[in-house]
Structures are given as C-alpha cells and as structure tokens.
Amino acid sequence: FTPFQSQWSSTTNEVLLGANASAYHSLPIAFNTWNNWVLKNLYGDETQNQNPQINIYSNPLPLTQYEQETNNIGQGIGTAVNLLIAFTLIPASAIYFIVNEKSIGTKHQQFVSGIS
C-alpha cells in the first residue's frame with residue numbers, strides 16, 4: 001500500500017487527517033479509521049477470513065467549571081433573544097392593523113357612509 005502523499009511534502013510517510021474540532025470524537029474516529037485501513041491492508045486476508053480490526057473507546061473529559069458557565073451564559077442569551085422576539089415582534093404585527101386603521105380612518109369612513 002502507499003499512504004496518501006501530501007502536496008506540501010515530498011515524502012510518502014505522512015497522512016493528513018481532517019477532523020471537526022467542535023465534535024469531541026472526530027479526531028479519534030478519523031485516526032482509528034486510518035489505523036484500521038493500514039491494518040487491513042497489511043494483515044487482512046480475505047481468503048482465510050481474517051478481518052483484523054482495532055476498536056476504540058473514547059470518553060471525553062468532563063467540562064470544567066468555566067466551560068459549564070460559558071455554556072449556561074450562551075443558553076441564557078439564546079433564551080433572552082427568543083423571548084425578545086416573542087414579546088416584541090408578534091404583538092407588534094398584531095397591533096399594526098389597529099394602528100393602520102386608526103391613521104387611515106377606513107372604519108370611520110364606512111360608519112359615516114352608512115355601511116356600519
């Protein structure tokens with residue numbers, strides 16, 4: 001087998017693994033996938049039903065006090081924004097028709113003309 005050759009390096013002894021930093025388990029999963037691929041290419045023999053495999057168990061560290069406080073602040077800000085939208089935009093859209101009718105005077109015009 002030949003590993004992936006980087007465009008930045010002239011050697012073939014390096015591998016570039018892409019991982020999403022916001023997902024805790026993405027780097028160990030990518031690393032394990034690469035290792036399983038290498039292991040199967042070196043020692044896997046389909047004729048003898050050999051299927052070597054590396055299992056990985058990843059448990060992230062618990063959040064620190066600072067990380068928990070930051071998450072709580074973010075959730076509080078999100079809740080405040082949702083309440084702000086609920087208590088300002090929705091009543092404003094409902095009251096718009098009342099204010100618009102009062103300024104134009106359509107109901108008064110209908111009453112004066114006898115439409116009621």
Side-chain angles (χ1 to χ4, degrees):
F1 77 97
T2 57
F4 173 73
Q5 183 172 357
S6 171
Q7 62 183 355
W8 299 284
S9 175
S10 61
T11 65
T12 60
N13 294 332
E14 68 180 39
V15 174
L16 298 176
L17 295 176
N20 184 359
S22 64
Y24 295 120
H25 303 292
S26 63
L27 183 60
I29 289 171
F31 190 66
N32 186 42
T33 303
W34 167 253
N35 284 330
N36 275 326
W37 183 80
V38 170
L39 184 66
K40 286 180 184 179
N41 281 328
L42 289 176
Y43 299 109
D45 189 4
E46 294 180 7
T47 60
Q48 297 178 0
N49 291 332
Q50 290 181 349
N51 191 12
Q53 182 175 332
I54 300 173
N55 294 326
I56 186 169
Y57 301 97
S58 176
N59 296 317
L61 295 173
L63 295 177
T64 64
Q65 183 68 27
Y66 176 75
E67 290 171 334
Q68 288 177 350
E69 290 172 359
T70 304
N71 287 342
N72 290 341
I73 289 171
Q75 290 174 355
I77 290 173
T79 303
V81 167
N82 287 335
L83 288 174
L84 178 72
I85 290 171
F87 287 128
T88 57
L89 295 180
I90 295 172
S93 65
I95 202 77
Y96 169 75
F97 297 107
I98 298 170
V99 172
N100 190 26
E101 191 279 323
K102 192 72 168 174
S103 65
I104 294 175
T106 55
K107 187 172 183 179
H108 177 69
Q109 184 180 11
Q110 291 173 356
F111 182 71
V112 170
S113 65
I115 295 176
S116 213

Side-chain donor-acceptor pair present, Asn55, Gln53, cut-off under 3.5 Å
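Side chains of Asn55 and Gln53: pair found under 3.5 Å.
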Applying side chain to side chain donor-acceptor pair (under 3.5 Å), name anything that partners Gln75, two or more places apart in sequence or on another chain.
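By the side chain to side chain donor-acceptor pair (under 3.5 Å) rule, Gln75 matches no residue at all.
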Do [X] and [Y] sit in the same hydrophobic cluster, where Ile, Leu, Val, Met, Phe, Trp and Tyr count as joined when their side-chain heavy atoms come under 4.5 Å apart?
X      : Y      : value
Ile90  : Leu83  : no
Leu42  : Phe31  : yes
Phe111 : Ile104 : no

Side-chain contact test, heavy atoms from C-beta onward, threshold under 4.5 Å: evaluate it for Leu39 versus Asn35 and give yes or no.
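When only atoms from C-beta onward are counted, Asn35 and Leu39 do not touch, as no gap falls below 4.5 Å.
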If you measure from [atom1] on [X] to [atom2] on [Y], what distance do you get to the nearest 0.5 Å?
X     : Y      : atom1 : atom2 : value
Ile56 : Thr33  : CD1   : OG1   : 9.0 Å
Asn72 : Thr79  : CG    : OG1   : 10.5 Å
Gln68 : Ile73  : CD    : CD1   : 12.0 Å
Ile95 : Lys102 : CD1   : NZ    : 12.0 Å
Asn82 : Phe87  : CG    : CZ    : 11.0 Å

Examine distances only and state if a side-chain atom of Asn36 and a backbone atom of Ile54 form a donor-acceptor pair shorter than 3.5 Å.
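Between the backbone of Ile54 and the side chain of Asn36 there is a qualifying donor-acceptor contact (under 3.5 Å).
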Check whether Asn100 reaches the backbone of Tyr96 with its side chain - one donor and one acceptor, N or O, closer than 3.5 Å.
no
Where Ala86 and Pro91 come nearest, the two heavy atoms and their spacing
O-CD, 3.4 Å
